[in-house]
Each structure stands twice: as C-alpha cells, then as structure tokens.
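A note on names: the letters A, B, ... follow the listed sequences, proteins ahead of strands, and every chain is numbered from 1. This structure is a prediction, so every number in the text was calculated from the model and none was measured.
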There are 2 protein chains.
Amino acid sequence: MTSQAPIKVSRQEPLACSHEFSANCSDCRLNSICLPFSLESRDIEELDRIIQRGRPLQKGGHLYRQGDDFGSVYAVRSGTLKAYRMTDDGREQVTGFYFPGEIVGMDGISQSRHASSARALETSAVCEIPFSSLEKLSASMPQLQRHFFQLMSREITEDQQLITLLSKSSADARIAALLLSISMRNARRRLSATQFRLSMSRVDIGNYLGLTVETVSRVFTRLQKSEIVDVSNREIRILDEAALRQLTSGE
Amino acid sequence: MTSQAPIKVSRQEPLACSHEFSANCSDCRLNSICLPFSLESRDIEELDRIIQRGRPLQKGGHLYRQGDDFGSVYAVRSGTLKAYRMTDDGREQVTGFYFPGEIVGMDGISQSRHASSARALETSAVCEIPFSSLEKLSASMPQLQRHFFQLMSREITEDQQLITLLSKSSADARIAALLLSISMRNARRRLSATQFRLSMSRVDIGNYLGLTVETVSRVFTRLQKSEIVDVSNREIRILDEAALRQLTSGE
DNA sequence: GCCGTTTGTTGATGCAGGTCAAGTCTGCCG
DNA sequence: CGGCAGACTTGACCTGCATCAACAAACGGC
C-alpha cells in the first residue's frame, strides 16, 4: 500500500551502474543468461522490438499480483524479485527469488492469470516481454521456441529440487543449499561466488525454505560459529564451500 | 531389474476396457484432457501421425530413467505412473503421480536428459510424443504451441502447490490434499470422485508428501476413525469431502 | 543525531512427526 | 492349501523445529 504512492524519482539510489545492461538485447551484459541466448543477430533485433523496458520498480513494489490478468513474462535486468503466493489460510509462501537475467512470470500462462505475486526486494528493473508477441515470434524462430521451452522446463526442475529440499532436508541443509544456489547464480553473472549481500530478509528466507525466522537465524549463527560462513547482517562470505556442500547432503 | 525380462504377453491382466482409448487421437476418450484439446480436426490428424503408441508397460517397468537422453514426452493412456528422482544421498523423492490424459516427461527438456525417472505403478500404456516433431508441429500450429506452453505452466503451478503443502502443512493436511487431488482428477475423467483404489503404496505416498510410512499409515487410521474417509487397504471412499477440504487448510 | 519501527537474535518449552521395534495382514507362487 | 516376502499397522520413545517471549541491533525519517 505505502509503496503505491505516485512515483517519486528524486534522490533515487544509484542504480547499479546503468552501463551493465543496455536499451537493447544485442549488447546487454545478461544476454547469455536471458532469452536471446543462441539467437542470430537478425532475430535478436526482432525480439528486441517486442520488449518493453519499464521504469525501475521501487523496493517493495509489485510487478504483478496473484490473480492479475496474465499478459507478459519479465526478464530481470537489475535488482532482485521474490515470487510468492497466498495459501488458503492467508499465509505467504515464497516460491522463488529472481536475479538479473532470470525470467519471472511463467506460472501465469496456464490460467491466463498470474498464479503468484512478484515484488521487488530492492530497486529493480525488468524487461517486459508480452507473451502473445513471444508466441508469434516463437512460431517463426525455432531457436526462440526451443529456448523458451527450456526455460520453462528449467523452472520445473528447479521447483522439483526445492520440493526435494523441503521434504527431505534439515534446516541446516536448506540454508546451505540456498546459499550455494545464490553463489552459483552470482558466478554465472560474473559476480563473486563467495561474497555477497542477501537482498531478502530472514523472514523471506524462512518463508521460502519452510522454516521460521528463529530457525533461520539460529542456523546462520551456527554456520558462523563453525566458521563455514561469515555472516554479518545480510552480508555473507562463504569460507568453506566444501563444508557447505556437505551440509546439503545431510552432514 | 526383474521387470526387464523379455516381454511375456500370455495371461496379461485385462487392460481396463481397450475401447476406452483408441489408436488415434480423434476419438480418444481422453482427448479433452490431453494434447489435442482445442485443435482443428485436420490438425489433430497431423499430430496423430507423429505419436507412437507403444506396447503396455508392465507394473514396475520404467518409461525412462533419470539421466537418459531426452527425446519424447508421454501422454498416459491407462494405468498410473510415478515420477521420482534420486537425492544426492541416494534416497528417493517422488515428484508426481500421473493419471490417464496427463503428460509426463517435460522436465527433461531443459537439459536434453531426463531429470527424473518414471515408472509404472500398475500395467500402463502411454502415447509417446517425440519432442522434436512436437516442436516442428508447434511452429505451424499456434493452438498446439499455446496448449503445450500451458501444460508446462500448469506443471509449474502444481509443483508450487506441492511446495506450499510441504512447507506449511501438517501430515493430515498433506494426505487430505492428495486424496482431494486424486478425487478431482478422477472426476475430470468421469470416474468416481468419492471412491477409488490407490495405485501407489504407502511408501510412495510418504515419499511424495515428505512423510514416513508410519505417519501415512497413522493418518489413514485417524481419517478412518473420524469417519472422514473409509479406508480398506488401498480402497478409498471419501465420506465427508467438506471435512477433508477443511483439513487441507489447517483444521 | 535521535527515536520509533522494523528486522534479527537468543533462550525456554512443547509437540508433531521421525525412528526403532514388533507385530499383522495380503497377495503371490508353488 | 501352505508358506513366504512385501506391504501395512501399531506402540514406545526421542528429537528437531515451532512457538512464545524478551531483547538487541539496524534502518529510515525528521
């Protein structure tokens, strides 16, 4: 609600160097992760034409809400988003975190309405990809069609990994897996795999991993004490990746 | 292993009336659930041509295994399949059950190898749909492309429902949700929504819902005692659907 | 720099569901 | 029909995480 106030642009925090991504796909730093991957340059230009680059999303702002009409999927350009859905009894289940280069919103396709909400965890920017245009384009660009099938399939396998994590692993293993996942995704974007700042709160982490805040907090202090990870607030430094990896498969 | 013996056809148990599905999509009883839904009859014929109808799969037989090269997705014609993956530490996580009309194998698209294994819980038959043909056909049939995007998206939202279930719900709620899900899917196929036989073992149910066999068993006896469900071995009769529904949202 | 609010930490206690250990039932095969 | 293996149930006990409660630290607005 509070975040719905008319956009106030003044004193906006510096958006992580704007040269990191550009106004078109061809020279976007993220294009090896995102949609255009493996397209011919002529095709990229066509894709470029359908993509809409919106104004930055404020921290806490919604990209879309559960139940909204589905029209587009979104590529994250900067910042972080979380996707979440409401359970029948009104609690929140975080279904994923989305970093630059990743695509969010694909769960809306089946019902023509969004099955989850997406909100920015920090000031973020996205590329909006109207789905109907994407469909049309896919029909004439086999590479694009395949790539999009693959993205959706990846989402499925990732959800299944989370399912496994939730159904089989201890609190320690879950946190370890999350840290490693973030680390890997950072590496893919050529950021540090060992040192980063969590953009999500402990509550969000708990909500994602099926744990309470208290447990999340306790696990972090435990990791700190055993010198596997250096934790200071949201600042994380992985000290012993091997140990972390061992934790994920139950000690 | 044992199920890999050369196919022995003699004394095969009667395959639930073979007239229920046919050798082509146009008059298949399941076509409103399955792929051809919403296609022109001319298009259905084309789709028909790429589909391969294999011989029945024996109980316990594998349709594909985790790590196999990915080539096709499969529509279940009769019987039930379970999909499962091995965790790093060698335990099994069931990721889904698949009933007639449903599509299995879509998680293999992203890596070109199957991310899970699929095996028959009872004698089953499937239609094999070679993915490369499906891709080609999709390019010229917008309806088909859309339908397949929707199927994948549905798989995502269903996985997310399972995630929510695993991370937020009690054992009772999980079992209740599974029973209701099976009931709903039966109804869609015009079978009884209140009375059915579970094709999966208690172990499988536990593995799917993140519970031990013992807990699954206890929940069933509890449901029996409170006269919400009548359980006799794998035979289930839902006595009080409303109560069951209440259970799913935490009493 | 100060103050209220939000976010995170720590401790004490309880319970749902896991684990271990016997059984019992079912269905299958000779 | 009898005997055996796998599937299921039941009970006793234990443990990891939730819950409740109090507090501390960080952040954001003025």
Next on the checklist: B/D107 vs B/S116, test: side chain to side chain donor-acceptor pair (under 3.5 Å). Steps then yes/no.
Outcome noted: CA-CA 7 Å; B/D107 59 10; B/S116 59; 2.7 Å; yes
Checklist entry - Going 5' to 3' along DNA chain D, which nucleotides are the first and last within contact of chain B (any atom under 4.0 Å from a heavy atom)? => result D/dA7 to D/dA12
Item to check | Rounded distance [0.5 Å steps], CG in A/L191 versus CZ in A/F196 | outcome: 10.5 Å
Next on the checklist: Looking at A/R174 and A/L166, would you say the former's side chain and the latter's main chain have a donor-acceptor pair under 3.5 Å?
Outcome noted: yes
Next on the checklist: With the threshold set at under 4.0 Å for non-hydrogen atoms, list the residues of residues 86-97 of chain B touching DNA chain C in residue-number order.
Outcome noted: none
Checklist entry - Would you say the side-chain atoms of B/Q66 pair up with the backbone N or O of B/M86, donor to acceptor, closer than 3.5 Å? => result yes
Item to check | Pair B/S249-A/D89, side chain to side chain donor-acceptor pair (under 3.5 Å): steps then yes or no | outcome: CA-CA 6 Å; B/S249 39; A/D89 53 330; over 6 Å; no
Checklist entry - Would you call B/E92 and B/R85 a salt bridge, taking side-chain N to carboxylate O under 4.0 Å as the test? => result no
Item to check | Nearest-nucleotide 5' precedence on DNA chain D, A/S170 against B/V203 | outcome: B/V203
Next on the checklist: Please identify the 5'-most and 3'-most nucleotides of DNA chain C with any atom under 4.0 angstrom from a heavy atom of chain B.
Outcome noted: C/dG17 to C/dT26
Checklist entry - Can you name the nearest heavy-atom pair linking A/I205 to A/M200, along with the distance? => result CG1-CG, 3.5 Å
Checklist entry - Using 4.0 Å as the upper bound for N to carboxylate O, is an ion pair formed by A/E214 and A/R202? => result no
Item to check | Parallel, tilted or perpendicular: rings of B/H114 and B/F70 (30°, 60°) | outcome: perpendicular
Next on the checklist: At a heavy-atom distance below 4.0 Å, what parts of residues 208-224 of chain A sit against DNA chain C?
Outcome noted: A/E214, A/S217, A/R218, A/T221
Checklist entry - Say you draw a straight line from CD1 of A/I156 to CD of A/Q161; how long is it, rounded to the nearest 0.5 Å? => result 12.5 Å
Checklist entry - Taking 4.0 angstrom as the limit, do A/R197 and A/E122 come out as a salt bridge? => result no
Checklist entry - Is it the case that more than 12 heavy atoms not belonging to B/R237 sit under 6.0 Å from its CZ atom? => result no
Item to check | Contacts of type salt bridge (Lys or Arg N to Asp or Glu O under 4.0 Å), residue A/R222, not counting sequence neighbours | outcome: A/D172
Item to check | Main-chain N/O of A/R91 paired with A/T87 side-chain donor or acceptor, under 3.5 Å | outcome: yes
Item to check | Test side chain to side chain donor-acceptor pair (under 3.5 Å) applied to B/Q93 and A/S167, step by step | outcome: CA-CA 8 Å; B/Q93 171 67 44; A/S167 110; 2.4 Å; yes
Checklist entry - When all nucleic acid strands are considered with a 4.0 Å heavy-atom cut-off, which category describes B/R234: base, sugar-phosphate, or nothing? => result sugar-phosphate
Checklist entry - To the nearest 10 degrees, how far apart in direction are the end axes of the helix from C/dG1-D/dC30 to C/dG30-D/dC1, each fit to five base pairs? => result 50°
Checklist outcome for this item: DNA chain D nearest-nucleotide lookup for A/A171 and A/N233: closer to the 5′ end is A/A171
